[in-house]
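Computed from heavy atoms alone, side chains included, the values below leave out hydrogens, waters and symmetry copies. Chain A is the first sequence line, chain B the second, and so forth, proteins listed ahead of strands; every chain is numbered from 1. On a predicted model such as this, the values are computed, not experimentally measured, just so you know.
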There are 2 protein chains.
Amino acid sequence: MILKSQVEWALHCCAILSSLPEGRYLSTKALAELHGLPKEYLSKALQSLSQAGLVHTTLGPSGGYRLAKAPNELTFLDVVEAVEGGGRTFVCQNIRANNPCRPKGFCESGPCAVARVMWEADEAWRSALRKVTFADLVQTLEAEVDPAIWSGTFQWVLKRAG
Amino acid sequence: MILKSQVEWALHCCAILSSLPEGRYLSTKALAELHGLPKEYLSKALQSLSQAGLVHTTLGPSGGYRLAKAPNELTFLDVVEAVEGGGRTFVCQNIRANNPCRPKGFCESGPCAVARVMWEADEAWRSALRKVTFADLVQTLEAEVDPAIWSGTFQWVLKRAG
DNA sequence: TCAAATAGGGATATTGTATATCCGTAATTA
DNA sequence: TAATTACGGATATACAATATCCCTATTTGA
């Protein structure tokens with residue numbers, strides 16, 4: 001059970017967009033170059049973010065993406081679910097219903113006890129991702145990324161941002 | 001990102017094995033019938049449990065599986081990791097290293113900040129699964145499963161347990 | 001006004017993993 | 001001795017992830 005690589009891409013792209021000045025846009029092309037990713041395929045991930053309403057887009061030259069809300073309002077969970085989908089990692093096939101000892105047509109009282117435990121773990125996972133915003137991430141990156149690279153990247157982005 | 005159906009199968013099988021009397025064994029065939037699953041494929045899941053040391057096996061007629069430890073020592077995480085593998089759900093491809101603003105051969109100080117957040121969520125998921133044992137599960141099932149079905153299944157299992 | 005650049009969506013190919021089955025082997029029991 | 005079992009290897013199938021290509025509508029800048 002491994003997350004799509006698009007999740008990683010989307011997270012890093014949102015990190016960049018989080019430090020983009022208000023009102024500026026950054027294109028798929030620039031984001032792909034910056035991260036060394038296939039432009040066409042990265043585009044699909046960004047479209048997922050757009051469909052989820054997490055980013056705003058404009059067309060034409062100097063078009064691209066910007067966050068639709070402030071970095072401190074955007075959580076890791078938002079991005080992960082936009083790309084990966086909001087479904088549960090554990091899908092209950094209700095195999096207890098195949099028990100030959102059951103009378104036919106027996107109606108279950110509620111969700112399977114096994115599934116409930118697995119779903120609680122899913123919720124713990126989601127909860128952890130919901131607690132971290134992109135404002136938190138940017139703060140961490142500012143503190144630990146080499147200052148020369150940090151500002152160099154910032155300049156690189158600004159030069160390409162419409 | 002969805003767990004293998006084998007995870008569900010293994011969990012339900014361990015639930016049955018947890019209420020099996022000391023020293024008795026239950027075969028793949030019986031476990032497959034009880035849950036309405038393909039015997040050959042379920043066998044692979046049970047083999048994973050065996051390789052992980054969670055169950056003990058015997059060969060020959062009246063052979064099969066029993067738990068290798070007491071139900072209160074066996075956690076959901078044990079079973080999930082045996083079948084699904086213990087790897088992380090988020091694989092860091094370290095795409096920050098593709099940043100064209102970096103000097104070539106630049107050495108990273110540590111794991112990516114994005115990956116660390118994702119890994120913490122993974123750990124929250126694991127931690128939730130580690131907290132629930134099969135003794136807990138059996139207790140829940142005893143309390144909520146229809147008593148007639150519960151005892152009927154118990155008899156069904158005993159008749160087939162070697 | 002027009003050419004270039006952009007997001008977006010559809011179609012398609014490729015790869016990889018999950019699912020599923022089959023068969024042979026060694027061990028064990030009745 | 002014959003039947004039953006776990007186990008491992010080989011193989012086939014279905015489906016999702018990955019990746020690319022092309023067309024369209026829109027917008028910008030020259």
Any salt bridge between B:Arg130 and B:Glu81, counting N to O under 4.0 Å? no
Summary of protein contacts for nucleotides 4-10 of chain C, nucleotide by nucleotide, where a base hit scores B, a sugar-phosphate-only hit scores S (4.0 Å, heavy atoms): BBBBBBB
Does atom CD of A:Gln139 have more than 12 heavy-atom neighbours from other groups under 6.0 Å away? no
Going by the side-chain hydrogen bond (donor to acceptor under 3.5 Å, both in side chains) test, which pairs reach into residues 35-47 of chain A, not counting sequence neighbours? A:Ser43-A:Gln47
Counting just side-chain N and O atoms, does B:Tyr41 come under 4.0 Å of either OP1 or OP2 of C:dT19? yes
Mind running a 4.0 Å heavy-atom check of residues 79-97 of chain A against DNA chain C and sending the residues that fall below it, in number order? none
Under the ring pair (Phe, Tyr, Trp, His ring centres under 6.0 Å) test, residues paired with B:Phe76 that sit two or more places apart: B:Phe134
Ring pair (Phe, Tyr, Trp, His ring centres under 6.0 Å) partners for A:Phe106, two or more places apart: none
Who passes salt bridge (Lys or Arg N to Asp or Glu O under 4.0 Å) against [X], sequence neighbours left out?
X	result
A:Glu108	A:Arg96, A:Arg102
B:Lys69	B:Asp78
B:Glu33	none
B:Glu120	none

B:Arg66 to B:Arg24 - nearest heavy-atom pair and separation: CB-O, 3.3 Å
Heavy atoms only: give me the nearest A:Cys92-A:Cys112 pair and the separation to one decimal. SG-CB, 4.0 Å
Under 4.0 Å from any atom of DNA chain D, heavy atoms only: list the residues of residues 1-8 of chain A that qualify, in numerical order. A:Lys4, A:Ser5
Could you state the atom-to-atom distance from CG of A:Leu37 to P of D:dA19 in whole Å? 9 Å
Can you tell me how far P of D:dA6 sits from CG of B:Leu49, to the nearest Å? 13 Å
Indicate whether the side chain of A:Asn72 and that of A:Thr133 have a donor and an acceptor atom separated by less than 3.5 Å. no
Other than B:Leu158, what residues sit in its cluster of Ile, Leu, Val, Met, Phe, Trp and Tyr side chains whose heavy atoms are under 4.5 Å apart, directly or through others? B:Phe154
For DNA chain D, the dot-bracket pattern of Watson-Crick and G-U pairs whose distances stay under 3.5 Å, | for other-strand partners: ||||||||||||||||||||||||||||||
